[in-house]
Amino acid sequence: MYIALIDIELKDNTEEEFKDWITASNIVLSKFPGFISRRLVKSDNGKYGLVVEFTDKESHVKLHQTNEHGEIHKQLMSFLKKPPVPTFYHVIAQ
């Protein structure tokens, strides 16, 4: 499994709309081979993040090359104060 943990900073007063957008855009992403899930998380101190899971790195790379991902990324940026900061991980034990 290949996971991205992405730190994001939402614009003020956009959380509810962003939550709806995450749900809707996940429907689009779920159609791509290798995509497992994308979840919005919020820390106790109010910081937001995305947890994105793929079966493997290759599936992640292929998805990022699609028009659908380009459109989703553009929409994502409309909710953020600054670009997202991803960190990628290979799951090595469960």
Side-chain angles (χ1 to χ4, degrees):
M1 186 179 303
Y2 191 65
I3 296 175
L5 302 179
I6 307 168
D7 293 328
I8 59 173
E9 190 174 340
L10 290 179
K11 292 178 182 175
D12 295 337
N13 304 311
T14 61
E15 181 180 312
E16 290 306 313
E17 183 181 0
F18 188 66
K19 287 171 22 180
D20 292 341
W21 177 81
I22 286 288
T23 300
S25 59
N26 278 347
I27 293 168
V28 174
L29 295 174
S30 70
K31 298 174 184 174
F32 288 92
F35 175 82
I36 297 173
S37 71
R38 182 178 64 165
R39 293 172 281 171
L40 177 62
V41 295
K42 186 175 181 180
S43 70
D44 289 340
N45 65 356
K47 293 189 179 207
Y48 296 94
L50 296 170
V51 179
V52 187
E53 297 175 302
F54 289 88
T55 55
D56 52 51
K57 183 177 181 178
E58 293 74 24
S59 297
H60 173 260
V61 170
K62 285 180 183 176
L63 175 66
H64 275 250
Q65 297 169 349
T66 66
N67 291 334
E68 291 88 345
H69 179 270
E71 182 60 32
I72 286 172
H73 186 75
K74 185 172 30 171
Q75 293 169 4
L76 170 67
M77 293 307 298
S78 72
F79 288 100
L80 304 182
K81 289 182 179 181
K82 59 184 181 181
V85 180
T87 305
F88 301 97
Y89 298 89
H90 293 274
V91 176
I92 60 172
Q94 291 192 52

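Positions are given from 1 along the sequence.
- Hydrophobic cluster membership differs between Val91 and Phe54, with clusters built from Ile, Leu, Val, Met, Phe, Trp and Tyr side chains linked at under 4.5 angstrom.
- Electrostatic pairing of Lys31 and Glu68 does not count as a salt bridge here, judged by no charged N lying under 4.0 Å from a carboxylate O.
- For His69 and Phe32, the gap between ring centers reaches or exceeds 6.0 Å.
- Rounded to the nearest 0.5 angstrom, Gln75 CD and Glu71 CD are separated by 4.5 Å.
- Of all heavy-atom pairs spanning Phe35 and Ser37, the tightest one is CZ-C, 3.4 Å.
- Remark: aromatic rings of Tyr2 and Tyr89 are distant, center separation not under 6.0 Å.
- At most 12 heavy atoms of other shown residues, nucleotides or ligands fall within 6.0 angstrom of atom CG in Asp44.
- In terms of heavy-atom proximity, Pro83 sits nearest to Met77 at CA-CE, 3.7 Å.
- Note: Asp56 CG to Ile36 CD1 = 8.5 Å, rounded to the nearest 0.5 Å.
- The hydrophobic cluster containing Ile27, built from Ile/Leu/Val/Met/Phe/Trp/Tyr side-chain heavy atoms closer than 4.5 Å, comprises no other residue.
- One hydrophobic cluster holds both Phe79 and Val28 under the rule that ILVMFWY side chains link at heavy-atom gaps under 4.5 Å.
- Annotation: side chain of Leu10 is in contact with side chain of Leu80 (closest heavy-atom distance under 4.5 Å).
- Heavy atoms of other residues, nucleotides or ligands lying less than 6.0 angstrom from CG of Asn13 number 12 at most.
- Note: His60 NE2 to Glu53 CD = 12.5 Å, rounded to the nearest 0.5 Å.
- Considering NZ of Lys42 and NZ of Lys19, their distance stands at 8.0 Å, rounded to 0.5 Å.
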For this session: Start with the C-alpha gap between Lys57 and Phe88, add the side-chain angles, then the distance that decides, and say whether side chain to side chain contact (heavy atoms under 4.5 Å, CB included) holds.
Result: CA-CA 9 Å; Lys57 183 177 181 178; Phe88 301 97; over 6 Å; no
For this session: Begin with the C-alpha distance, continue with both residues' side-chain angles, and end with the deciding distance and a verdict on side chain to side chain contact (heavy atoms under 4.5 Å, CB included) for Val52 and Ile3.
Result: CA-CA 6 Å; Val52 187; Ile3 296 175; over 6 Å; no
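- The one candidate from Leu40, Thr14, Ile72 that meets the side chain to side chain contact (heavy atoms under 4.5 Å, CB included) condition with Trp21 is Ile72.
- Taking each heavy atom of Pro86 and Ile6 in turn, the nearest pair found is CB-CG1, 3.8 Å.
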For this session: Please assess Asn26 against Thr23 for the test side chain to side chain donor-acceptor pair (under 3.5 Å), listing each intermediate value before the final yes or no.
Result: CA-CA 5 Å; Asn26 278 347; Thr23 300; 5.8 Å; no
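- Shown here is Lys47, whose NZ atom has no more than 12 heavy atoms of other residues, nucleotides or ligands within 6.0 Å.
- Here the shortest heavy-atom pairing between Gly34 and Ser59 reads CA-OG, 3.4 Å.
- Within 6.0 Å of CD on Glu9 lie more than 12 heavy atoms contributed by other residues, nucleotides or ligands.
- For the pair Leu50/Pro84, no side-chain contact is recorded, criterion being any heavy-atom separation below 4.5 Å from C-beta on.
- At least one side-chain heavy atom of Ile8 sits less than 4.5 Å from a side-chain heavy atom of Phe18.
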